[in-house]
Amino acid sequence: MFADLGLPNAEEHQLKAALVVQLKRLMAEREITQTEAAKMVEMKQPDLSKLLRGQLKLVSVEKLMRMLTAFDHDVEITVKPHRKRGEAGRITFIPAA
């Protein structure tokens, strides 16, 4: 999606967006406010609001992963060889089933 727009670092933007979607889902499941969530993830509520509205530059991928761990979730990173030699690897997000 972000690559289609010609944005630099498209895979990073896509990963951040997927992590934010997970964060929103967890907030909804727990029925907590942005203020409560902001305290959990050690962020100011206005900044969390901006993040949830798509301002992805506010945080790093690492910060988003730490935010998910604050919701009692594990984040796993797997590094493996790309299927086709000579091609650049890719970054993918696979949500838990």
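Values reported hereafter were calculated over all heavy atoms of this structure, with side chains retained and with hydrogens, waters and symmetry mates removed. Numbering of residues begins at 1 and proceeds along the displayed sequence.
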Trainee: Sequence neighbours left out, what passes side chain to side chain donor-acceptor pair (under 3.5 Å) with Glu12? Give chain and number order.
Mentor: none

Trainee: With Met27 as reference, evaluate Leu52, Thr33, Val41 under the side chain to side chain contact (heavy atoms under 4.5 Å, CB included) test and give the passing residue.
Mentor: Leu52

Trainee: Looking at Leu48 and Ala37, what are the two nearest heavy atoms and their distance?
Mentor: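 Shortest heavy-atom contact: CD2-CB, 3.8 Å.
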
Trainee: Can you tell me how far apart CD (Gln34) and NZ (Lys24) are? Round to the nearest 0.5 Å.
Mentor: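 Taking CD in Gln34 and NZ in Lys24, the distance rounds to 9.5 Å.
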
Trainee: Under 6.0 Å from the CZ atom of Arg30, do we count more than 12 heavy atoms belonging to anything else shown?
Mentor: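 Buried by this count: over 12 neighbours within 6.0 Å.
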
Trainee: With clusters defined by side-chain heavy atoms of hydrophobic residues (ILVMFWY) lying less than 4.5 Å apart, directly or transitively, does Ile77 cluster with Ile94?
Mentor: no

Trainee: Between CG of Leu56 and NZ of Lys50, what distance do you get to the nearest 0.5 Å?
Mentor: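 These two atoms lie 13.5 Å from each other.
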
Trainee: Does CD belonging to Glu87 count more than 12 external heavy atoms closer than 6.0 Å?
Mentor: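 Yes, because the 6.0 Å sphere around CD of Glu87 holds more than 12 heavy atoms from other groups.
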
Trainee: Are more than 12 heavy atoms, taken from residues, nucleotides or ligands other than Glu29, located less than 6.0 Å from that residue's CD atom?
Mentor: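 For Glu29, atom CD is crowded (more than 12 foreign heavy atoms under 6.0 Å).
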
Trainee: Give a yes or no on whether Ile32 and Val21 share a hydrophobic cluster (residues Ile, Leu, Val, Met, Phe, Trp, Tyr; joining criterion: side-chain heavy atoms under 4.5 Å apart).
Mentor: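 No, because Ile32 and Val21 fall into different hydrophobic clusters, even though each may have its own neighbours under 4.5 Å.
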
Trainee: Calculate, to the nearest 0.5 Å, the distance between atoms CG and CE belonging to Leu19 and Met67 respectively.
Mentor: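 Answer rounded to 0.5 Å: 10.0 Å.
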
Trainee: Tell me, please, which residues at least two apart from Asp74 pass salt bridge (charged side-chain N to carboxylate O under 4.0 Å, His left out).
Mentor: none

Trainee: Side chains of Arg66 and Glu42, heavy atoms from C-beta outward: is any pair under 4.5 Å?
Mentor: no

Trainee: Does the side chain of Arg83 reach to within under 4.5 Å of the side chain of Arg90, using non-hydrogen atoms?
Mentor: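 SC-SC contact between Arg83 and Arg90 confirmed.
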
Trainee: Are the side chain of Lys16 and the backbone N or O of Val59 linked by a donor-acceptor pair below 3.5 Å?
Mentor: yes

Trainee: Check whether any side-chain heavy atom of Met40 sits under 4.5 Å from a side-chain heavy atom of Phe71, and report yes or no.
Mentor: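 Yes, close enough: below the 4.5 Å cut-off.
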
Trainee: side-chain contact (heavy atoms from CB on, under 4.5 Å), that's the test. Do Leu51 and Leu64 meet it? Break it down for me.
Mentor: CA-CA 10 Å; Leu51 177 64; Leu64 284 167; 3.8 Å; yes

Trainee: Using only atom types and a distance under 3.5 Å, with no angle test, would you say the side chain of Arg53 pairs donor to acceptor with the backbone of Ser49?
Mentor: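 Yes, Arg53 side chain to Ser49 backbone: donor-acceptor pair under 3.5 Å.
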
Trainee: Counting only heavy atoms not in Lys39 (residues, nucleotides, ligands), do more than 12 fall under 6.0 Å from its NZ?
Mentor: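 It does not: Lys39 NZ has 12 such atoms or fewer within range.
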
